Amino acid sequence: MRAVAAGDTNAFRDIAVALDPRLARFFAQLGVPDSERDDLFQETCLRLYRAADAYDPSRAFLPWALTVARRVMLNWHRARKPTVELERAGAVPAEQPSPGAGAEADIWVFARARLSGAQYELLWLRYGEDLGPAEIATVTGRNAVHVRVLLHRARAHLAMVLERAGEGRFLKRGET
Amino acid sequence: MDTLEAKLRQAAPPLIRTDPARVTRACERLAALPATPVRHTPHMFAKPLLRIAAGLVLFGSATVLLRTGRESLPSALPPIASLPSADDIKALVDIQPLTRALDCESDNLISDLTALTGVLNDRSLAILF
């Protein structure tokens, strides 16, 4: 990133190569169709490149990159539906929505069809991107305690809908 | 490990392969950017001096506001009858979404406290027996 901050665009290529699969999956999971991911990836790279001198090497790179990508994605969501914020969206739009799919087929598809956008995003960042609560707090602009509370609620909500859908085998005994 | 958490981790879609064409397009766009000027390292005293200046400006503006406020206060007060009433203000503010949000948050907090109480009870019983 130091080389990038000095204006070396070739150095950024290695970063872009490493980021491409992560961002493609991140955008896909949060409802960005395939046709739009290219533009969002370019926009994210552009912002990361321009902010290279602001990057603190002592901090992890991925949460910082995901923070930028998330903002780009939110701008894209707002441009499509200016009256619906991600937090208030009933569900994250999926390319092939299958609300009838059982959790056995794909628990993430099941969750995406039944959780709010904000809840799904938090669960994805925690169990898909494997970020800790402090890192998720950085990405989403919240504090770590709030993230822990929201994660607990998101898991509880998912457990409840799983129980109602008769998918209780994913829950251990006594789990709510 | 929690069953649901384990299932979520296991079921996370794997990373796809890097798309070289997409990376190339992104890098080409960056290469087309105009060269940005080199940023000069600020002087070591720049920030403290700026902070002192900002503090003085803040102090000065607060002083001016207090003085002008005292001078203009007696004549600036409108008659009591022309002040907006609480009903007018209430009509301007839509409290419905706020009430619903507070109700929802209240339910969430009750649920959290119930879950926490249950866990504490279980742990206490485990210690005692």
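Just so we're on the same page: letters track the sequence lines, and every chain starts at 1. Everything numeric in this text was worked out from a predicted model, so none of it was measured.
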Do [X] and [Y] come within less than 4.5 Å of each other through their side chains, counting heavy atoms only?
{"X": "B/P13", "Y": "A/Q29", "value": "yes"}
{"X": "A/R25", "Y": "B/I16", "value": "no"}
{"X": "A/L158", "Y": "B/L8", "value": "yes"}
{"X": "A/L162", "Y": "B/L4", "value": "yes"}

If I measure from the heavy atoms of chain A, does [X] come under 4.5 Å with its side chain, its backbone, both, or neither?
{"X": "B/S111", "result": "neither"}
{"X": "B/R29", "result": "side chain"}
{"X": "B/L116", "result": "neither"}

Worksheet item: Same hydrophobic cluster for A/L23 and A/L74, using side-chain heavy-atom links shorter than 4.5 Å among ILVMFWY?
Response: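 Same cluster: A/L23 reaches A/L74 through Ile, Leu, Val, Met, Phe, Trp or Tyr contacts under 4.5 Å.
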
Fill in: Within one Ile-Leu-Val-Met-Phe-Trp-Tyr cluster: A/Y120 and A/V149, side-chain cutoff 4.5 Å
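Looking at the clustering, A/V149 is in a separate group from A/Y120.
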
Worksheet item: Closest approach of B/L15 and A/P21, non-hydrogen atoms and distance?
Response: CD2-O, 3.6 Å

Item to complete: For atom CZ of A/R148, decide whether the heavy atoms of other residues, nucleotides or ligands shown that lie under 6.0 angstrom number more than 12.
Response: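 Counting neighbours around CZ of A/R148, 12 or fewer heavy atoms of other residues, nucleotides or ligands fall under 6.0 Å, so no.
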
Between [atom1] of [X] and [atom2] of [Y], what distance do you get to the nearest 0.5 Å?
{"X": "B/R25", "Y": "A/C45", "atom1": "CZ", "atom2": "SG", "answer": "11.5 Å"}
{"X": "A/H152", "Y": "B/N108", "atom1": "NE2", "atom2": "CG", "answer": "9.5 Å"}
{"X": "B/L30", "Y": "A/R50", "atom1": "CG", "atom2": "CZ", "answer": "9.0 Å"}

Item to complete: Please state whether the side chain, the backbone, both or neither of A/R153 comes within less than 4.5 Å of a heavy atom of chain B.
Response: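 When you check distances to chain B, only side chain atoms of A/R153 fall under 4.5 Å.
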
Worksheet entry | A/E43 portion near chain B, given a 4.5 angstrom heavy-atom threshold |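 Contact with chain B involves both backbone and side-chain atoms of A/E43.
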
Worksheet entry | Candidate list B/Q10, B/E5, B/R9, B/K7, test side chain to side chain donor-acceptor pair (under 3.5 Å), partner A/Y127, passing option |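 Only one option passes, and that is B/E5.
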
Worksheet item: A/V17, A/L123, A/D20: which one forms the most heavy-atom pairs within less than 4.5 Å of chain B?
Response: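 Greatest number of close heavy-atom pairs with chain B: A/D20.
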
